[in-house]
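What follows is a short report on a single structure.
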Amino acid sequence: MEEKELLSQLNDSQRAAVEYLDGASLVIAGAGSGKTRVLTYKIAYLLMKGYEPWDILALTFTNKAAKEMQSRIGSLVGADRARYLNMGTFHSIFARILRREAAHIGYNPNFTIYDEADSRSLIKTIIKELQLDDKIYKPAGVHSKISMAKNHLIMPADYALDRELISRDIDTRQPAISQIYTTYQQRCQNANAMDFDDLLVLTYILFREHEDVRRKYADHFRFILVDEYQDTNYAQQCIILQLTKENPHVCVVGDDYQSIYGFRGANIDNILKFSKLYANAQLFKLEQNYRSTQHIVSAANSLMKKNERQIPKDVFSTNAEGEKLTLKPAYSDKEEAMIVCKDIKRIMAADHAQYCDFAILYRTNSQSRSFEEEMRKQDIPYRIFGGLSFYQRKEIKDIIAYFRLIANPNDEEAFKRIINYPSRGIGNTTLAKIAEAARKYGVSFWDVICSPTHFGLNVNKGTLNKLDVFRALITSFMEKMPKVDAFELGQEIIKVSGITADIYSSREPEALSRQENLEEFLSGMQDFVEGRREEGREDEIFLSDFLQDVALMSDLDSDSNGEDEQSRVSLMTIHSAKGLEFSTVFIVGLEENIFPSPMAASSARELEEERRLLYVAITRAEKHCILTCARNRWRYGKMEYDTPSRFLRDIDPALLNVESERGRMDSSVDTDYTARYSGHTSRYSSIYNQSKPKEVHLTQSHSNQNLRRVVPSSSAASTVSSSMVSTNAGNLSVGSIIEHQRFGIGVVQKLEGTGENTKATVEFKNAGTKQLLLKFARFSIVG
DNA sequence: TAACACTTGTTTTTT
DNA sequence: ACAAGTGTTA
C-alpha cells in the first residue's frame, strides 16, 4: 500500500496522530474512535518512512491485542515484515530482555516466572515461618501490598524506611509486612524466580544499574508505542522514560475514561500527566465514535459527567440515533437470565443477527452461572471467557511443575507441588525437614535432596531412599532434555512419573476431561516445538521460553477460532471486554453490592473507577445496550436482596427506558424504579415470599453438575481434538489429504507405529514436511 | 501418611 | 454453595 492511500483511510485527527513523528505524543482516543487503527497505521507509516520492523517496540496490554495488531499490520505491509516487530505485553517483552541480560541482575537465564498462586503459596510459608498470626496476615492481602510497592518501584529496603507505609501497616495491625516483603524477595531470588511485578521492577533496575545495557535498548528501539496507556503503572512509566529520555520517540495511546485497573497499581495520573513528563508532547484527541449509535454514546457521556478526574473530551457519533438504553429489572437472578435469553432470541429475529453479535457482561465471574444454566436449557451456544484458565487446572499445573523443576531445579514452588504428586510417600513432615535444612544452609530444596547427608537431613532410611528415587527421576528428565524434544519429554514425564497411572485409574467423573486436558497441553507443546523449529530457535532456554509463554498467557489469549466458536454468545467480565465490541451488549447485575463492588464503594477514587467500568461496558455496544438488575439473588448460599445500582441514576434519564417487571414498556418518564424496588410492601414481595429458595437451590446445583461433566468449560478445543482423533486416526492412509490446524493442507507420506502411537510423516503445502503423532495432532481428513 | 469429616471464608476486576 | 483448609482417625 502506498503512503497516500494509507493516510486517505484516516480521518483528520487520526491522520494527524499518525503523521506526527517528531517527538513524544499522547493520543487520547475515546471509545470506538479507531484507537487500534491509529496504532496499526502509525506503525505501517513508520515502516514506510524508513524504519525497520525491529526498530519498533509496541507494547500492549494483552497478548491477544498484540497478536491482533500484528496481523492487522501484516495485512498493510506484509506478514513477512510484520513478524519482525517487537510487539507484546510489557511483561512478555521485558521477560525476554531479562532472560538475555539475566547475569547482570544476579539471575540465571532459565529463571521461573511465579504466578499469583506461587507467590501466595510462598508468602503463606513465610508467614508461617515467621510465626505470624494467619488471621491477620492473609497471603492474598499481603501479596497485594507487596505488589503495590513493586508497582511503585519501592524495594524492600525502601519499604522498611518509608514512614507512611510503615504507619499504614501498623494501622492495619500488620507491622511485619516489611519483613515479609524482604524475605519474600530473597526467597524468590534464591529460587531463581521472578513474580509478575519483578518482570517490571527488575527491568527498571537493570536499566538503572547498567547504563550500557539501557543504552543498548534505548538505541535499539528507535520508536516506541504504548497501547492502553491509562492502564500502565508507575514502574512501566519509568521504564518507558528510561528508554526514551534522550530521544522522546514515543507515542502513547489511551483513554482516561477507560482506566479500570487501578486496583492493580495502574495509575490514571500517568495519562493525565504525560505532558508534564515529556515537555513538548503533542496531544491528539480522537473524539468521533464510529462504533455506537448516538444514544449509546450520549448515555455513556452522561454517566461520565459524574466523575471529577478526567481529561475533558467531547465524544460524539454521527451514526444513527438508535434506540435508548433499556433497563429491565428482574425478580431474581434466574429471571434475569431468562430475560436476557428471551431478548437474544427477539433481537436475533429482528436484526437477523448471529449469536456472536451478543455479549453478556458482568462485574464478577461468579455471575456467569445463572446465565450458563439458562442458556444450556434454551440451547443457546455460548462461550465463557476468563475464570479458571486452562493453565490453572490442577492437572496442567502439575505437568507444568515437572517442566519447571527440570528447567530450574531451584524452583521451590514447583518442587513442593510435585515432590509428592503422584503420591510417593513423601509427606509434610519430610518436606518440613527439607525446608529446615535448606534454610539453615541457604540452599534450595533440590540441593538438599541431592546431598542429604551433607546438609544433615534427619530422615529415616526409607524416606531417604524415596527422596533419591525422586531425585533420580527428575535428573533423568533433565539429562534427556537436550536430547529429545520437549513434546517427547512431556510424554515420558506423564508416563514415568506415574501421572498417567494416577489419572487413568481414577474413577472420578472428571478423570476423562483431565486426560483430555493433558493431551491438549502436550499437543500445544508440540505446536510450540514445531513453531520454534521452523524459526530455527531451538536453544537451551527453549523450555524456559515455553514456560514463560504459558505463565504470561491468560485464557483470553488462547484464540479459539474454530468454526463452532464463531457463533456463540460471549460471557465475560467487563474487564475482559475491554477493547471488544458487540452489536448487542447486556450489562447484568446492576445492583448495589455488586456494581459498584462493595470493596470499592468506600472511597471516591475507587467509586470513580467503578463508574468508568460501567462506561467501558456501555461503550462496547454498537446498537443495543440492555441493562438488568435483580431484586433477589442467590449468593453465598443464601438469597440476598439488593437495590438497583446507584449508577443507574447517573445515566441521563432521557436516554434510559425502564421496562416494568410485567414486561410492558413504561415511558422513560418513570424513573422511580429505585423507590419502587426498595419498598417492602409492593405486590412483588408477596410473590417472592412464597419461598422457592429450596427449589431454586436444587435445580441449580443439579444442572451445574451436568454442566461440568458435559462441557469442560472454555476448552472446547480439547473436546474437538479428542473426537477428531478417535474418528480419524484409523481412516488415515498414505496419500490421504489432511488439514492441520496449524500447518494447513498436506499429504500423508508415511505411517509408522500402530494404534495410538501412530506417527505420520506429512508433506504440507505451505509448511514443509512434518512428523505428527496422530494421538495429539489436531487435523481433519479432507480427502 | 492418607483418607475422611468438619470448619472456614469467600467473591472485584488480571498481566 | 463451594473450595480450601483443619483436625481426627486408621
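First the proteins, then the strands, lettered A, B, ... as listed; each starts at 1. Note that the structure is a prediction, hence the values are computed from the model and not measured.
Following rounding to the nearest Å, A:Lys138 (NZ) and C:dG5 (C1') show an atom-to-atom distance of 12 Å. Summarising the geometry, the separation between CD on A:Glu640 and C1' on B:dT11 is reported as 11 Å, rounded to the nearest angstrom. When the P atom of B:dT15 is taken as reference, atom NE2 of A:His143 falls 15 Å away, rounded to whole Å. Atom CG of A:Asp115 is separated from atom C1' of B:dT15 by 11 Å (rounded to the nearest Å). If you measure from atom CZ of A:Arg120 to atom P of C:dA4, you get 12 Å, rounded to the nearest angstrom. We find that CD of A:Gln392 is positioned 12 Å from P of C:dA4, with the value rounded to whole Å. Here the C1' atom of nucleotide C:dA3 and the CZ atom of A:Arg369 are 11 Å apart, to the nearest Å. Whole-Å rounding puts the A:Asn420 CG to B:dT1 P distance at 8 Å.
Taking a pair as Watson-Crick or G-U wobble with both distances under 3.5 Å, the runs of three or more consecutive pairs in DNA chain B are B:1-10 with C:1-10.
Among the heavy atoms of the strands, none lies under 4.0 Å from A:Ser92. The residue A:Asp197 sits apart from the nucleic acid: no heavy atom pair falls under 4.0 Å. Residue A:Phe61 is in sugar-phosphate contact alone, with no base atom involved, counting any heavy-atom pair closer than 4.0 Å across all strands shown. A:Lys466 comes within contact range of no nucleotide atom at all, as no heavy-atom separation falls under 4.0 Å. Within the 4.0 angstrom heavy-atom criterion, no nucleotide atom of any strand lies near A:Phe595. Backbone-only engagement by A:Thr430 is indicated by non-hydrogen atom pairs under 4.0 Å involving sugar-phosphate atoms exclusively. Across all strands, A:Gln367 comes closer than 4.0 Å to no nucleic acid atom at all (heavy-atom distances).
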- Task: Show your reasoning for whether side-chain contact (heavy atoms from CB on, under 4.5 Å) applies to A:Met599 and A:Phe263.
- Result: CA-CA 10 Å; A:Met599 316 295 284; A:Phe263 69 93; over 6 Å; no
- Query: Step by step, would you call A:Lys334 with A:Glu374 a salt bridge (Lys or Arg N to Asp or Glu O under 4.0 Å)?
  - Reply: CA-CA 8 Å; A:Lys334 211 175 167 197; A:Glu374 189 60 32; over 6 Å; no
- Message: Test side-chain contact (heavy atoms from CB on, under 4.5 Å) on A:Val142 and A:Lys145; report intermediate values, then the result.
- Response: CA-CA 5 Å; A:Val142 174; A:Lys145 281 192 168 185; 5.8 Å; no
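Taking CG of A:Leu607 as the reference point, atom CG of A:Asn307 lies at 8.5 Å (rounded to 0.5 Å).
More than 12 heavy atoms of other residues, nucleotides or ligands shown are found within 6.0 angstrom of CG on A:Asp133. Remark: A:Lys394 NZ is packed, more than 12 non-hydrogen atoms of other residues, nucleotides or ligands lying under 6.0 Å away.
Taking only side-chain nitrogens and oxygens, A:Asn593 never comes nearer than 4.0 Å to OP1 or OP2 of B:dT11. Put simply, A:Lys64 has no side-chain N or O that comes within less than 4.0 Å of OP1 or OP2 on B:dT15.
Listed by chain and number, the residues in a side chain to side chain contact (heavy atoms under 4.5 Å, CB included) with A:Ile205 are A:Met155, A:Val201, A:Leu202, A:Arg208, A:Glu209 (sequence neighbours excluded). Contacts of A:Gln230 classified as side-chain hydrogen bond (donor to acceptor under 3.5 Å, both in side chains), with partners at least two apart in sequence or in another chain: A:Glu228.
Between A:Phe196 and A:Pro598, the residue anchored closer to the 5' end of DNA chain B is A:Pro598, taking for each the nucleotide with the nearest heavy atom.
For A:Phe263 and B:dT13, the ring-to-base geometry satisfies the stacking test (centroid distance below 5.5 Å, interplanar angle below 30°).
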